[in-house]
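The analysis underlying the following values was restricted to heavy atoms, covering all of them including side chains, and did not include hydrogens, waters or symmetry mates. So that the names make sense, note that chain A is the first sequence line, chain B the second, and so on, each numbered from 1.
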Amino acid sequence: MNRTGNENNAELRSIRRLRRQAVFIRAVVFTAITLSVLALGFIVVYVLIRGIPNITPDLFAFEYTSENCSLLPALINTVTMTFMSLLIAVPLGVFSAIFLVEYSKRGSRLIGLIRSMTETLSGIPSIIYGLFGYLVFSVALGWGFSMLAGAITLSIMILPVIIRTTEEALKSIPDSYREGSFAVGAGKVRTVFKVILPSAVPGILAGIVLATGRIVGETAALVFTAGTVAQVPDSVMQSGRTLSIHMYALWSEGLNTDKAYATAVILLVIVVGLNALSAFIAKKMMKGHI
Amino acid sequence: MAKVKEVFMKGVFCVCACFSVFAVALICVFLFANGLPAMREIGLWDFLSGKSWSPSSGVYGILPMILASIYVTAGAILIGVPTGILSAVFLVCFCPKWLYRILKPCVDLLAGIPSIVYGFFGLNVIVPAIRNIFGVSGSSMLAASLILGIMILPTITGVSESAIRAVPQSYYEGSLALGATHERSVFFSVVPAAKSGITAGVVLGVGRAIGETMAIVMVEGNQPIMPSGLLDGLRTMTANIMIEMGYATDLHRGALVATGVVLFVFIMAINLLVSLIKRKGGAGK
């Protein structure tokens with residue numbers, strides 16, 4: 001107790017100042033997270049509230065007419081489009097990842113180039129993909145607006161997703177698997193197909209599901225490649241709209257806000273569901289390996 | 001025989017892997033081959049600095065669109081970045097475990113909401129709100145920036161979170177040991193150490209925002225005029241392509257592709273910046 005009152009006061013003041021600062025920082029951080037959660041939560045809840053009452057049976061009528069903007073053709077097209085895009089992108093992406101992980105040598109120029117180009121692809125905005133697909137498939141190759149043009153465009157767009165997730169999956173497989181396979185006399189190709197790929201399936205699956213989410217939600221890349229015809233096409237060379245384009249078309253034709261809300265709900269449920277599924281698979285995989 | 005198969009399959013894998021390189025090359029070739037002739041015909045300088053866009057009278061100047069893209073992106077950054085980074089700080093340093101288990105998956109899932117849904121929400125909620133509050137048409141830079149700011153939130157939060165998590169615990173503990181409070185340690189020792197990761201996240205967000213089409217085409221009014229104010233309509237480069245590509249022919253189409261080329265150059269510059277920041281951050285460690 002040999003301190004003077006002055007020193008005590010100064011110390012108290014500085015403690016108070018620090019406490020004020022701490023409270024202020026806390027307040028700012030809490031405000032930020034509250035704003036984020038509120039903004040994003042509000043969007044989801046609002047769309048659900050406005051959309052769910054509008055989901056009626058005639059929304060799923062098989063034929064699209066201008067009075068009843070049925071979304072069933074768009075839904076069917078979405079599924080078709082997803083399968084076509086995956087059919088192209090998955091083998092390409094998985095094989096790319098196998099090359100990058102299993103056959104790469106440290107510091108290889110080619111590997112570096114491929115990595116950076118894959119990263120570049122993932123940064124290109126979807127409107128540029130749309131423009132590219134339009135110029136190449138619809139104009140240069142003369143396919144017009146067709147499902148195939150859309151699917152190829154999308155498959156290039158999702159390629160980086162597939163490559164990255166497959167790479168992660170392959171890297172997470174312990175080297176002992178490879179060594180064990182080599183030890184019993186299997187060659188590299190055999191090891192890849194019989195040992196490594198089967199163990200990497202959950203990871204690859206998580207990537208595929210994630211890519212499906214991207215396909216379902218995509219609009220800008222498809223408007224000028226797959227086109228906006230609201231029917232189920234007879235062949236892959238004809239135009240057909242997916243759900244997202246259906247929403248876009250409802251807006252640009254200026255009709256039927258209610259139907260658009262209903263479509264938004266279905267879109268939201270599919271995409272969020274797919275993302276959740278992907279996260280779930282990835283989590284399962286993590287547990288299995290560690 | 002087995003040797004042949006090995007070599008053959010290695011070749012197949014290699015060709016598949018090279019497809020990415022091929023795809024980027026193809027995109028560049030087609031964009032530039034279709035865009036550059038139009039740029040030459042219009043005149044590069046007239047094209048980039050022309051203040052008026054009027055295809056019907058053959059005037060193609062995209063300065064309004066370039067500025068619009070920059071303004072809208074800047075607005076989105078102003079809204080999304082501070083909120084996103086602070087949210088990430090909350091998730092890492094202030095969030096109780098039970099809450100984190102709820103919030104984290106939510107933020108991740110929201111990153112996947114299709115942009116058209118954001119646009120539709122903006123059109124039906126934000127635009128009318130602005131109309132009612134300010135008594136203007138509502139389709140405006142403000143609406144576009146708001147919806148885009150919300151849209152890039154999950155991206156910024158996600159990247160910043162992993163950057164902050166990557167900071168060694170000893171930074172925080174060292175700061176505590178010197179007598180700093182929890183809050184001070186977080187903000188003056190942990191967050192600055194995560195600077196390069198957070199910056200990369202922000203630049204990634206910029207790239208996402210400048211390339212976004214569907215979310216803003218519905219809320220920004222799309223007038224091809226010089227942006228004049230926060231509450232006035234404008235048209236970004238992405239929207240320009242989206243709106244007119246459907247019916248454009250000849251030079252008009254070339255001019256739209258050329259708009260795409262300009263956008264592409266912007267994006268490439270941003271990507272380059274991201275990888276530079278990442279490399280620098282990596283070298284620092």
| request: Could you tell me which portion of Val216(A) (side chain, backbone, both or neither) has an atom closer than 4.5 angstrom to a non-hydrogen atom of chain B? | output: neither
| task | Among Ser96(A), Gly217(A), Pro160(A), Ala39(A), single out the residue with the greatest number of heavy-atom pairs under 4.5 Å to chain B. | result | Ser96(A)
| field | Worked verdict on Cys106(B) versus Val37(A) for side chain to side chain contact (heavy atoms under 4.5 Å, CB included) | value | CA-CA 9 Å; Cys106(B) 288; Val37(A) 171; over 6 Å; no
| message | If we define contacts as heavy-atom pairs under 4.5 Å, which of Leu92(A), Asn275(A), Val94(A) has the most with chain B? | response | Leu92(A)
| request: Output the option from Val272(A), Thr118(A), Leu267(A), Thr219(A) having the highest count of non-hydrogen pairs under 4.5 Å with chain B. | output: Thr219(A)
| query | Just wondering, do Ile116(B) and Trp251(A) contact through their side chains at under 4.5 Å, heavy atoms? | reply | no
| query | About how many Å separate CZ of Phe264(B) and OG1 of Thr120(A), when rounded to the nearest 0.5 Å? | reply | 8.0 Å
| request: Give, as side chain, backbone, both or neither, the part of Val47(A) having an atom under 4.5 angstrom from any heavy atom of chain B. | output: side chain
| Going through the distances and angles, do Tyr248(A) and Met242(B) end up as a side chain to side chain contact (heavy atoms under 4.5 Å, CB included)? | CA-CA 11 Å; Tyr248(A) 170 73; Met242(B) 192 72 209; 3.8 Å; yes
| message | Counting only non-hydrogen atoms closer than 4.5 Å, does Ala220(A) touch chain B with its backbone (N, CA, C, O), its side chain (CB onward), both, or neither? | response | both
| Test side chain to side chain contact (heavy atoms under 4.5 Å, CB included) applied to Val21(B) and Ile114(A), step by step | CA-CA 6 Å; Val21(B) 183; Ile114(A) 294 170; 4.0 Å; yes
| note | To the nearest 0.5 Å, atom NZ of Lys188(A) lies from atom NZ of Lys10(B) at 7.5 Å
| field | Contacting region of Leu110(A) [heavy-atom separation from chain B under 4.5 Å] | value | side chain
| task | Using non-hydrogen atoms and a 4.5 Å limit, figure out which bit of Val139(A) sits close to chain B: side chain, backbone, both or neither. | result | side chain
| task | Would you sort out whether Phe19(B) and Ile163(A) count as a side chain to side chain contact (heavy atoms under 4.5 Å, CB included), showing the intermediate values? | result | CA-CA 11 Å; Phe19(B) 183 79; Ile163(A) 294 181; over 6 Å; no
| message | As an exercise, state the distance from CD1 of Ile27(B) to OG1 of Thr153(A), rounded to the nearest 0.5 Å. | response | 9.0 Å
| field | Region of Phe280(A) that comes under 4.5 Å of a non-hydrogen atom in chain B | value | neither
| query | So what's closer than 4.5 Å to chain B heavy atoms on Tyr129(A): side chain, backbone, both or neither? | reply | side chain
| request: Check whether Ala140(A) gets within reach of chain B through its side chain, its backbone, both or neither, counting any heavy atom under 4.5 Å. | output: side chain
| said: I'd like to check Leu153(B) versus Leu35(A) (side-chain heavy atoms, cut-off strictly below 4.5 Å). Are they in contact? | reply: no
| Side chain, backbone, both or neither: which part of Val271(A) has a heavy atom under 4.5 Å from chain B? | side chain
| Hey, are the side chains of Ile150(B) and Leu40(A) touching, using non-hydrogen atoms and a 4.5 Å cut-off? | yes
| query | What part of Tyr261(A) is in contact with chain B, defined as an atom under 4.5 angstrom from a non-hydrogen atom: side chain, backbone, both or neither? | reply | both
| query | Does Phe13(B) reach the side chain of Glu102(A), with side-chain heavy atoms less than 4.5 Å apart? | reply | no
| said: Which atoms of Ile128(A) are under 4.5 Å from chain B, going by heavy atoms: the side chain, the backbone, both sets, or neither? | reply: side chain
| What distance do Gln21(A) atom CD and Glu183(B) atom CD have between them, rounded to the nearest 0.5 Å? | 8.5 Å
| task | Answer whether the closest heavy-atom distance between the side chains of Arg184(B) and Leu18(A) falls below 4.5 Å. | result | yes
| request: Rounded to the nearest 0.5 Å, what's the gap from CG on Leu272(B) to OG on Ser116(A)? Could you check? | output: 10.0 Å
| request: Can you tell which part of Leu159(A) gets under 4.5 Å to a heavy atom of chain B, answering side chain, backbone, both or neither? | output: side chain
| query | Using a cut-off of under 4.5 Å for heavy-atom pairs, which of Leu113(A), Ile127(A), Thr31(A) has the most such pairs with chain B? | reply | Ile127(A)
| Among Val189(A), Val223(A), Val44(A), which residue forms the greatest number of heavy-atom pairs with chain B at distances under 4.5 Å? | Val189(A)
| Relative to chain A, which segment of Arg208(B) carries a heavy atom at a distance below 4.5 Å: side chain, backbone, both, or neither? | neither
| field | Interchain contact, Leu131(A) with chain B, by part (heavy-atom threshold 4.5 Å) | value | side chain
| message | Side chains of Val29(A) and Phe187(B), heavy atoms from C-beta outward: is any pair under 4.5 Å? | response | yes
| message | When you compare the side chain of Ile33(A) with that of Cys95(B), does any pair of heavy atoms fall below 4.5 Å? | response | no
| field | From CD1 (Ile98(A)) to SG (Cys14(B)), nearest 0.5 Å | value | 13.0 Å
| query | Side chains of Ile124(A) and Met268(B): closer than 4.5 Å at any heavy-atom pair? | reply | yes
